[in-house]
Amino acid sequence: MRVPDANRLPGVQSLRGPLSCLNEARYGIVWGVVGAARSCFEAALEYSLTRQQFGKPIASFQLTQAKLADMAAGVNQGYLLALRLGQLKDAGEITTEQISMGKRQNVRMAREVAATARGVLGANGVTLEYPVMRHANNLESVFTYEGTDEIHTLSVGKALTGISAFT
Ligand SMILES: Cc1cc2nc3c(=O)[nH]c(=O)nc-3n(C[C@H](O)[C@H](O)[C@H](O)COP(=O)(O)OP(=O)(O)OC[C@H]3O[C@@H](n4cnc5c(N)ncnc54)[C@H](O)[C@@H]3O)c2cc1C
């Protein structure tokens, strides 16, 4: 017997309904990980300006500045990607595959930013005194949940080629 579920997912006739909930969660992740990455970048920037080695702040070394520039570029690219997906979503034009690309790309970016920031903080990067390790740990979960990196890659690959490589 079919159980009426109009109060839970009104108008839904198929798996399309529950799957649309996953799209919403994944779209949220596209934004959320930009915030995590930004927090890691800001912690690394602040730390690099105060931590002294060889008589200077580590921010004055070119290698540190390269890391800061890479992190800032990653955060800004991730923000712009999320913003564009939001525009498409508001216009009712966003596709599942675009959300897959956004989730995959921004989680990758945030994971890389967290790892770089952790390095800038040296040994302090592995402590919970700074926010970086907490974000890095959380991002490892986000890499796997709401569709693993691999499955979103296959989703994008299918959209590009028309061929499913899932099985
Ligand atoms: C913190 C956390 C919270 C979670 N919360 C929830 C939740 O609330 N609800 C829920 O339902 N689930 C939840 N999950 C589960 C999550 O969705 C699954 O862990 C995820 O889907 C991967 O499934 P699995 O762990 O069984 O890995 P597997 O499916 O065994 O995959 C292992 C590896 O193989 C890869 N792989 C699998 N198939 C292919 C393929 N065809 N081609 C290439 N690579 C492939 C995967 O990408 C992964 O890297 C959560 C997971 C975590 C870590």
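These figures come from a predicted structure and were not determined experimentally. Both ligands and their constituent atoms are indexed starting at 1 by order of listing.
Taking the charged nitrogens against the carboxylate oxygens, Glu46 and Arg51 have no contact shorter than 4.0 Å, which rules out a salt bridge. Using a cutoff of 4.0 Å between basic side-chain nitrogens and carboxylate oxygens, Arg111 and Glu140 are scored as salt-bridged.
Residue Ser48 comes nearest to Val120 through the heavy atom pair CB-CG1, 4.1 Å, listed as atom of the first residue, atom of the second, then distance.
With Tyr27 as the aromatic partner, Lys89 meets the cation-pi criteria of under 6.0 angstrom to the ring centre and within 45 degrees of the ring axis.
Checked by atom type, the side-chain pair Ser100/Arg26 shows no donor-acceptor distance below 3.5 Å. For Gln105 and Arg108, the side-chain atoms include no donor-acceptor pair closer than 3.5 Å.
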Present, as a list of atom pairs with distances to 0.1 Å, all nitrogen or oxygen contacts under 3.5 Å between ligand 1 and the protein.
| unit_1 | atom_1 | unit_2 | atom_2 | d |
| --- | --- | --- | --- | --- |
| ligand 1 | 41 (N) | Phe166 | O | 3.0 |
| ligand 1 | 47 (O) | Thr148 | OG1 | 2.7 |
| ligand 1 | 47 (O) | Glu150 | OE1 | 2.8 |
| ligand 1 | 49 (O) | Glu150 | OE1 | 3.2 |
| ligand 1 | 49 (O) | Glu150 | OE2 | 3.2 |

